[in-house]
There are 2 protein chains.
Amino acid sequence: MGRRMDMRFDLAQKAQDDGAFVMAATPPAKGCGGQYCDRCEVRDQAICADLDEKQRVALNRIGRRVSLQAGQTVMWEGDSSTLVANVIEGTLKLSTSTGDGREQIVGVVYASDFIGRPFGARTPHSVTALTDARLCLYPRGTFDGFAREHPALEHRLLQRTLDDLDRTRAWMLLLGRKNAREKVATLLLDMHRRLRADRAGVIELPLSRQQIADVLGLTIETVSRQIGDLKRMGVIALAGRRGVRIVDAGRLEGMAEGE
Amino acid sequence: MGRRMDMRFDLAQKAQDDGAFVMAATPPAKGCGGQYCDRCEVRDQAICADLDEKQRVALNRIGRRVSLQAGQTVMWEGDSSTLVANVIEGTLKLSTSTGDGREQIVGVVYASDFIGRPFGARTPHSVTALTDARLCLYPRGTFDGFAREHPALEHRLLQRTLDDLDRTRAWMLLLGRKNAREKVATLLLDMHRRLRADRAGVIELPLSRQQIADVLGLTIETVSRQIGDLKRMGVIALAGRRGVRIVDAGRLEGMAEGE
DNA sequence: CTTATGCATTGACCTCTGTCAAAGCCCGCA
DNA sequence: TGCGGGCTTTGACAGAGGTCAATGCATAAG
């Protein structure tokens, strides 16, 4: 565990520095009269979708756009909860760690997803950008107040949270009861469902091997071996470090279920 | 896996029969004018806490009380979502299974908790009584409508769902990254926090060894060995099959964190 | 109080996954 | 185009936890 732990602390340190830098360097919030929303890429999927023009302008007034680079951390596990946000673009991870540095990724969020902990004092997990990303960021207290006054927003947030909970519980079955082969197969299928493949059918994974291991509760070596096996068996094909093409989806699905 | 699987199917079958029987045998719903709520044991903790008298009467009119015996299942994974409920008394488990019968308990719910999947078509996991229990049961569609018209109720539901999600994600760290000793220690501490100990300091676990294994992603044998070790080390004492007394809480906490 | 039944414990063994260590190979950079 | 560093792969080995099987022991029925 020594090796792994050291690496963790390096990463955490690095991310923290980067994160602090970016947050400080972001221009101050300014009222932007809703013009962002009009051309917002996710406005029909995000929790603000059911707000009318006037409400959206009001919400916009309390938020601001922020850009993140891959690797930057927006929120830290255990910190007091001061920010929430909509993801406009990019992929981020939610993660927790044990005291001795073992990490578990507890969620991966995509464009239009919501992050942060509204109505609560503490952030229960860290949030880190896996790719470059853009957020629509709100101060938590202000957002809470706005949400309480807009049931349509709260309802959307509830729906989203219920869906997250379902997905998270489904992932518990994977963590507790699936073996390495089933875990890797399930993840590849899951990513294939969420990410768009290019014309060659290749998807670009937003996760490194170590991060895949952290999602699946495995080590990087086991992940590497499983992916290698799947490639040798002709079920998937690899394109560089992050590219994957699913060659035999049926067989991969069978493997995900342990057949 | 053969042995385990057979047992699973027996259990599932048995529970299903029992469950069907009880649900059919329950007297039909009748308007009860809110008199149940007045003496409800959980009315200040459940999601109905913030409703006023009139609203509570209206909610009560769409619900009914149901008693369950230990082992009975109220909802099945994958079924269409037709019921939601408040838990008045007792402990229940939420569980999912793989196609070949491996089970994972994805949640344990106690008095005042909410069960079922509002605003969704499918029940994502089964719900089974671990002890005798009493529920305040609502038809899902009717409940959904009521909730949409009562933001105070939806807000409580949101808060509860956010808390559940936090707890569930914390459990993912345990499933993915903790070893058997840490898992068992964590569970015992968690139960000790939730359940009231008698004057001798003994808590009665609502879970059998197999169910503990299903919560922790272990086998019954590993759970048994770990509990045996903790007893031999003098960290806990056992009283019958279900009784546990924590002798050295500090040491147990250390073990839960992997020290 | 005795007995039967099912849950729990214990033991022996094995396998999957983790650990440690050494190459290998992308990919950005010069 | 060549180089360097970090990520990834591969190999050898160890050990935690799973599997199979037998025994022990609460609990409830008689």
Side-chain angles (χ1 to χ4, degrees), chain A residues 1-8 10-11 14 70-71 98 100-104 130 174-184 202 204-214 216-232 236 238-244 255 258, chain B residues 1-8 10-11 14 70-71 98 100-104 130 174-184 202 204-214 216-232 236 238-244 255 258:
Chain A
M1 186 166 299
R3 184 184 50 153
R4 185 127 193 259
M5 206 168 85
D6 296 344
M7 189 183 55
R8 296 286 144 168
D10 289 351
L11 266 180
K14 182 150 159 278
T98 59
D100 61 356
R102 285 170 282 173
E103 176 171 335
Q104 176 67 47
L130 295 172
L174 174 142
L175 289 175
R177 292 301 186 199
K178 291 191 175 182
N179 63 29
R181 160 104 0 125
E182 294 165 347
K183 285 180 173 180
V184 170
V202 175
E204 190 80 358
L205 298 177
L207 303 170
S208 69
R209 294 288 185 271
Q210 180 60 58
Q211 288 162 344
I212 293 176
D214 289 339
L216 298 178
L218 296 171
T219 59
I220 183 174
E221 293 93 335
T222 299
V223 169
S224 182
R225 276 187 259 267
Q226 292 299 332
I227 290 182
D229 289 351
L230 291 176
K231 179 188 171 178
R232 251 160 266 131
I236 63 172
L238 302 181
R241 289 182 177 178
R242 298 291 187 100
V244 182
M255 288 175 171
Chain B
M1 186 167 301
R3 183 185 50 153
R4 186 127 194 261
M5 208 167 84
D6 295 344
M7 189 183 56
R8 295 288 144 165
D10 290 353
L11 267 180
K14 183 151 158 279
T98 58
D100 60 356
R102 285 169 281 172
E103 176 171 334
Q104 176 68 45
L130 295 171
L174 173 142
L175 289 175
R177 293 299 185 199
K178 290 192 174 182
N179 64 28
R181 161 110 351 132
E182 294 165 347
K183 285 180 174 180
V184 170
V202 175
E204 191 79 357
L205 298 177
L207 303 170
S208 69
R209 293 289 187 270
Q210 179 60 59
Q211 287 162 345
I212 292 176
D214 289 339
L216 299 178
L218 296 171
T219 59
I220 184 173
E221 294 94 335
T222 299
V223 170
S224 183
R225 278 187 258 266
Q226 292 299 331
I227 290 182
D229 289 350
L230 291 176
K231 179 189 170 177
R232 252 160 265 130
I236 62 172
L238 303 180
R241 289 183 177 177
R242 299 291 186 101
V244 182
M255 288 174 170

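Letters A, B, ... are given to chains in the order of the sequence lines, protein chains preceding strands, and every chain is numbered from 1. None of the values given here were measured: they were computed from a predicted structure.
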Requested in this report: For Gly217(B), answer base if it contacts any base atom (sugar-phosphate contacts may also be present), sugar-phosphate if it contacts only those atoms, and nothing otherwise; contact means non-hydrogen atoms under 4.0 Å.
Outcome: sugar-phosphate
Report task. For Ser208(B), answer base if it contacts any base atom (sugar-phosphate contacts may also be present), sugar-phosphate if it contacts only those atoms, and nothing otherwise; contact means non-hydrogen atoms under 4.0 Å. Result -> sugar-phosphate
Query raised in the report: To the side chain of Ser224(B), which of dT9(D), dG17(D), dA8(C) is closest?
Result: dA8(C)
Whole-Å gap separating [atom2] ([N]) and [atom1] ([X]):
{"X": "Ile220(B)", "N": "dT10(C)", "atom1": "CD1", "atom2": "P", "answer": "13 Å"}
{"X": "Asn179(A)", "N": "dG18(C)", "atom1": "CG", "atom2": "C1'", "answer": "15 Å"}
{"X": "Arg209(A)", "N": "dG18(C)", "atom1": "CZ", "atom2": "P", "answer": "16 Å"}
{"X": "Glu221(B)", "N": "dG24(D)", "atom1": "CD", "atom2": "P", "answer": "17 Å"}
{"X": "Ile212(B)", "N": "dA8(C)", "atom1": "CD1", "atom2": "C1'", "answer": "11 Å"}
{"X": "Leu238(B)", "N": "dT27(D)", "atom1": "CG", "atom2": "P", "answer": "12 Å"}
{"X": "Gln226(A)", "N": "dT8(D)", "atom1": "CD", "atom2": "C1'", "answer": "15 Å"}
{"X": "Arg102(B)", "N": "dG18(D)", "atom1": "CZ", "atom2": "P", "answer": "12 Å"}

Query raised in the report: Residues two or more places apart in sequence or in another chain: which of them pass salt bridge (Lys or Arg N to Asp or Glu O under 4.0 Å) with Arg181(B)?
Result: Asp229(B)
Query raised in the report: Which heavy atom in Gln211(A) sits nearest to a heavy atom in Leu130(A), and how many Å separate them?
Result: NE2-CD2, 3.5 Å
Query raised in the report: Taking all atoms of both residues into account, what is the closest heavy-atom pair of Gly176(A) and Leu175(B), and its distance?
Result: CA-CD2, 4.2 Å
Distance test, side-chain N/O of [X] to OP1/OP2 of [N], below 4.0 Å:
{"X": "Thr219(A)", "N": "dT17(C)", "result": "no"}
{"X": "Arg232(A)", "N": "dT10(D)", "result": "yes"}
{"X": "Arg225(B)", "N": "dT19(D)", "result": "no"}

Query raised in the report: Any side-chain heavy atom of Glu182(A) within less than 4.5 Å of one from Arg102(B)?
Result: yes
**Report entry** Val244(B) vs Leu238(B) side-chain heavy atoms within contact, under 4.5 Å
**Finding:** yes
Query raised in the report: Rounded to the nearest 0.5 Å, how far apart are NZ of Lys183(A) and CZ of Arg177(A)?
Result: 11.5 Å
Please produce a list of atom pairs where a protein N or O lies less than 3.5 Å from an N or O of nucleotides 25-30 of chain C.
from: dC26(C); atom 1: O2; to: Arg241(A); atom 2: NH2; distance (Å): 3.0

Query raised in the report: With a 3.5 Å cut-off and just heavy-atom distances, do the side chain of Gln210(A) and the base of dC7(D) make a donor-acceptor pair?
Result: no
Report summary line: For Arg242(A), the side-chain contact (heavy atoms from CB on, under 4.5 Å) test, sequence neighbours excluded, returns Glu204(A), Ser208(A)
